[in-house]
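Chain letters run A, B, ... following the sequence lines, proteins first, then strands; residues in each count from 1.
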Amino acid sequence: MRTDRCGDLRITDVGRTVTLCGWVDRRREHGEHLAFVDLRDRSGVVQLVVDGAHDLRSEFVLRATGTVRERPADTANEALATGEVEIEIEAVEVLSVAEPPPFPLDERTDIDEVLRLRHRYVDLRRPRLQHNLEVRAQVNSAVRRAMEEQGFIEVETPMLVASTPEGARDFVVPSRKEPGSFYALPQSPQIFKQLCMVGGLDRYYQIARCLRDEDLRSDRQFEFMQLDAEASFVSQEDVLGFISFAVSAAAEAVTGERPGDIDRISWEEAMERYGSDKPDVRFGMELIELTEVFANTEFRAFQTPCVKGIRVPGGSDISRSRLDDLTDRCKAWGAKGLVWMRVTPDELDSPVDKFLTDDERAGLRTAMNAEVGDLLLLVADERRTVRHILGLLRLELGRPPLTAGGLNFLWVVDFPLFEGLDDVGNPIPAHHPFTMPHEDDIVLLDDGDRLAIRSQAYDLVLNGWELGSGSVRIHERDVQEKIFSVLGIGSEEAQAKFGFLLDAFRYGTPPHAGFAFGMDRLTAILAGEENIREVIAYPKTQSGTDPLTSAPTSIDDRHLEELGLRLLPPTD
RNA sequence: GGUCCUGUGGUGCAGUUUGGAGUGCACGCCGGCCUGUCAAGCCGGAGGUCGCGGGUUCAAAUCCCGUCAGGACCGCCA
């Protein structure tokens, strides 16, 4: 149908007769007998010269035949890859007419996202999305190659799986053959990949679709893609190496530059310094320990297990109303309050200054390296709360745009095995119940401080986004049973929930470890996008709807009947 | 479950604080002119449920209440 793609034509093609197909990008008429038509396909745009263009409107689909010629002197367009040539058209066929698009296809304006999604097929024509989907394909391809180079084989796992009560809310699919029973769509292939290890596949990977019925965000969709991997006879160190290699390959495929070694930080240090288990290390404003400074304070608000602060350089000009707003935010996040202090030449300008001793003022200034013009923000509470609040406050005040400052990968290691206790007093697994405790801390399982047990679990962070996580798994049945017992899961319950995994472990289980990271998130950052919807061809809105297809939709009664389902009346 | 922001011709905005005729800007669309443009240019024209409902008022895009949609975030996401 065509001989060339629009964007490929160069000065070396002059003299050739070519046939091109594409969309009318723009048209410039100069009277009855001269018009320029920019023809666009995925490869780019080329200028057609036609004798009158009244019937060639925006977004018409054309097939045009003509001769490539050099543009006349001084009319080349340097901004265009094809700008040195133009096509003198001999014949044009309109393959398809088009109504004016519902929004402009140029990149100069931000269009309402619902409108873009409703007409996604038009939106996809824009260079931005064409580029993003190309980046996505490059990332997929590079990651596949990287994993295969390291001896991993691709294995597909089912989409209709058994629901498990742990973790995120499942999407469920009613069973027709067994009315009243349901499949779940996989939150991840976690169990299956471990079974692959028992199955002797040695090194498994998959770019897997995962589904979680939880509230959506700019970095979260109901369905998302993960590079999912698992390997036998490997240590945590090996896994970090595999994954570092894969994400570096992806980055290199997109940027042309291979990132250097990825830094590491322990979970404990991340929480202490950044108040987050996914620290954005692209900027300072670290959390500073002040508990000792106020150890003997008379100021009641600081008579807490922990006091920490952040220093906002030059922040003393932040208005009182903004400070009130920040205080309100901190309270909404769970703080009792926020103490602010403006650093002036000879004093601390603060509502609480009168409660502090000279020693405390001096100690504070020293600890925080306070300089005139700074703003100091302090929170006092339980250590866990202080870290959390200041971590959020730090991002609120200092976080650069997601894609600023290059790629800052970071490994967070030595996660705790448990994070807090549930209502009944049982520990809650921080990662999942198959995570191997840190060797040095295993003794604490029996009668130690269980919340102090570290695990062999690790996260990969990029510019403050959690890219993914993994762990060394428990491969010994007795250790697994011990963990279940600590978690308060009885053997019957464990058998009911994970029996098939425990059964499998009876038949010869290799030590194994794995990881999974979000392809959408990695792609977004590599494409320079703040929002993963921009790198997904057909994403959903924050409320989980698809303006293009109107999903989710109701289904008819016969369909429900067949599945053995009846709807409850709507609640008011 | 919660907090905050947004909603005005096809598109992007201004107008809302301080109520006074659907007022304005840019793009697009339709028609005309135009033989070297490339965000072409010039002239003319069409196009409106100010998201929706209610209230206050002589009068509401503007103030109040409710509601819908979208977005950002907190919770949630083993």
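- Within the nucleic acid shown, A/Ala457 has no heavy atom closer than 4.0 Å to any nucleic acid atom.
- Comparing the same atom, P, in B/rU62 and in B/rG9 gives a spacing of 15 Å after rounding to whole Å.
- For the ring-ring contact (aromatic ring centres under 6.0 Å, His included) test, residues two or more places apart in sequence or in another chain that qualify with A/His119 are A/Tyr121.
- Looking at A/Asn463, its side chain does come within 3.5 Å of a backbone N or O of A/Leu402 through a donor-acceptor pair.
- Every residue two or more places apart in sequence or in another chain was checked for a ring-ring contact (aromatic ring centres under 6.0 Å, His included) with A/Tyr183, and none qualifies.
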Using atom types as modelled, flag every donor-acceptor pair under 3.5 Å from a side chain in residues 512-521 of chain A to any protein atom, sequence neighbours excluded.
from, atom 1, to, atom 2, distance (Å)
A/His512, ND1, A/Pro510, O, 2.8
A/His512, NE2, A/Gln194, NE2, 3.0
A/Asp520, OD1, A/Arg136, NH1, 3.0
A/Asp520, OD1, A/Arg136, NH2, 3.0
A/Asp520, OD2, A/Met225, N, 2.8
A/Arg521, NE, A/Asp219, O, 3.0
A/Arg521, NH1, A/Glu466, O, 2.5
A/Arg521, NH2, A/Asp219, O, 3.2

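- Here B/rU3 presents its P atom at 19 Å from CG of A/Leu326, a figure rounded to the nearest Å.
- One finds the CG atom of A/Leu467 at 5.5 Å from the CG atom of A/Leu522 (value rounded to the nearest 0.5 Å).
- For B/rA14 and B/rA61, the C1' atoms lie 13 Å apart once the distance is rounded to whole Å.
- Under the 3.5 Å distance criterion, with hydrogens and angles disregarded, no donor-acceptor pair is assigned to the side chains of A/Ser188 and A/Gln226.
- B/rG47 sits 13 Å from B/rU11 when the C1' atoms are compared, rounded to a whole Å.
- The CG atom of A/Asp170 sits 13 Å away from the P atom of B/rC77 (whole-angstrom rounding).
- For the P atom pair drawn from B/rG41 and B/rG28, the interatomic distance equals 7 Å after rounding to whole Å.
- Counting any heavy atom pair closer than 4.0 Å across all strands shown, A/Asp213 reaches no nucleic acid atom.
- Taking atom CD1 of residue A/Ile111 and atom C1' of nucleotide B/rU6, one finds them 15 Å apart after rounding to whole Å.
- When heavy atoms are screened at a 4.0 angstrom cut-off, A/Ala430 is found touching the sugar-phosphate backbone but no base atom.
- Atom P of B/rG1 sits at a distance of 27 Å from the matching atom of B/rG54, rounded to the whole Å.
- Taking the P atoms as reference points, B/rC33 lies 46 Å from B/rG71, given to the whole Å.
- The 5' end of RNA chain B is approached more closely, in terms of each residue's nearest nucleotide, by A/Pro102 than by the other of A/Gln190 and A/Pro102.
- Each salt bridge (charged side-chain N to carboxylate O under 4.0 Å, His left out) pair with one or both residues in residues 450-463 of chain A, not counting sequence neighbours, appears once here: A/Asp441-A/Arg454.
- In this structure, the ring-ring contact (aromatic ring centres under 6.0 Å, His included) partners of A/His30, at least two apart in sequence or on a different chain, are A/Phe36.
- One C1' atom belongs to B/rC65, the other to B/rU56, and the distance between them is 11 Å to the nearest Å.
- Here salt bridge (charged side-chain N to carboxylate O under 4.0 Å, His left out) pairs that include residues 427-437 of chain A, with residues two or more places apart or in two chains, number zero.
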Heteroatom pairs (N/O) under 3.5 angstrom, protein to nucleotides 70-74 of chain B:
from, atom 1, to, atom 2, distance (Å)
B/rG70, OP1, A/Thr541, OG1, 3.4
B/rG70, OP1, A/Ser543, OG, 3.0
B/rG70, OP1, A/Thr545, OG1, 3.1
B/rG70, OP2, A/Ser543, OG, 3.0
B/rG71, OP1, A/Gln542, N, 2.9
B/rG71, OP2, A/Gln542, N, 2.8
B/rG71, O3', A/Arg533, NH2, 3.1
B/rA72, OP1, A/Asn531, ND2, 2.7
B/rA72, OP1, A/Arg533, NH2, 3.0
B/rA72, OP2, A/Gln542, NE2, 2.6
B/rA72, N7, A/Gln542, OE1, 3.3
B/rC73, OP1, A/Ser218, OG, 3.0
B/rC73, OP2, A/Ser218, N, 3.4
B/rC73, OP2, A/Ser218, OG, 3.3
B/rC74, OP2, A/Arg217, NH1, 2.8
B/rC74, N4, A/Arg217, NH2, 3.1

Generate the contact string for nucleotides 29-36 of chain B. Rules: B means base contact, S means sugar-phosphate contact only, - means no protein heavy atom under 4.0 Å. SSS--BBB
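- Among the heavy atoms of the strands lying under 4.0 Å from A/Asn77 is at least one base atom, whether or not backbone atoms are also near.
- Counting to the nearest Å, the P atom of B/rG2 and the CG atom of A/Asp328 are 18 Å from each other.
- For A/Ser321, the side-chain hydrogen bond (donor to acceptor under 3.5 Å, both in side chains) test picks out A/Ser319, with sequence neighbours left out.
- Applying the 3.5 Å distance criterion, the base of B/rC77 shares no donor-acceptor pair with the side chain of A/Arg212.
- Regarding contacts with the backbone of B/rA40, a side-chain N or O of A/Arg28 is found under 4.0 angstrom from either OP1 or OP2.
- Atom CZ in A/Arg118 sits about 10 Å away from atom C1' in B/rA69, given to the nearest Å.
- A distance of about 23 Å separates the C1' atoms of B/rU17 and B/rC58, rounded to the whole Å.
- Mapping A/Thr109 and A/Ala168 onto RNA chain B via the closest heavy atom, the residue that lands nearer the 5' end is A/Thr109.
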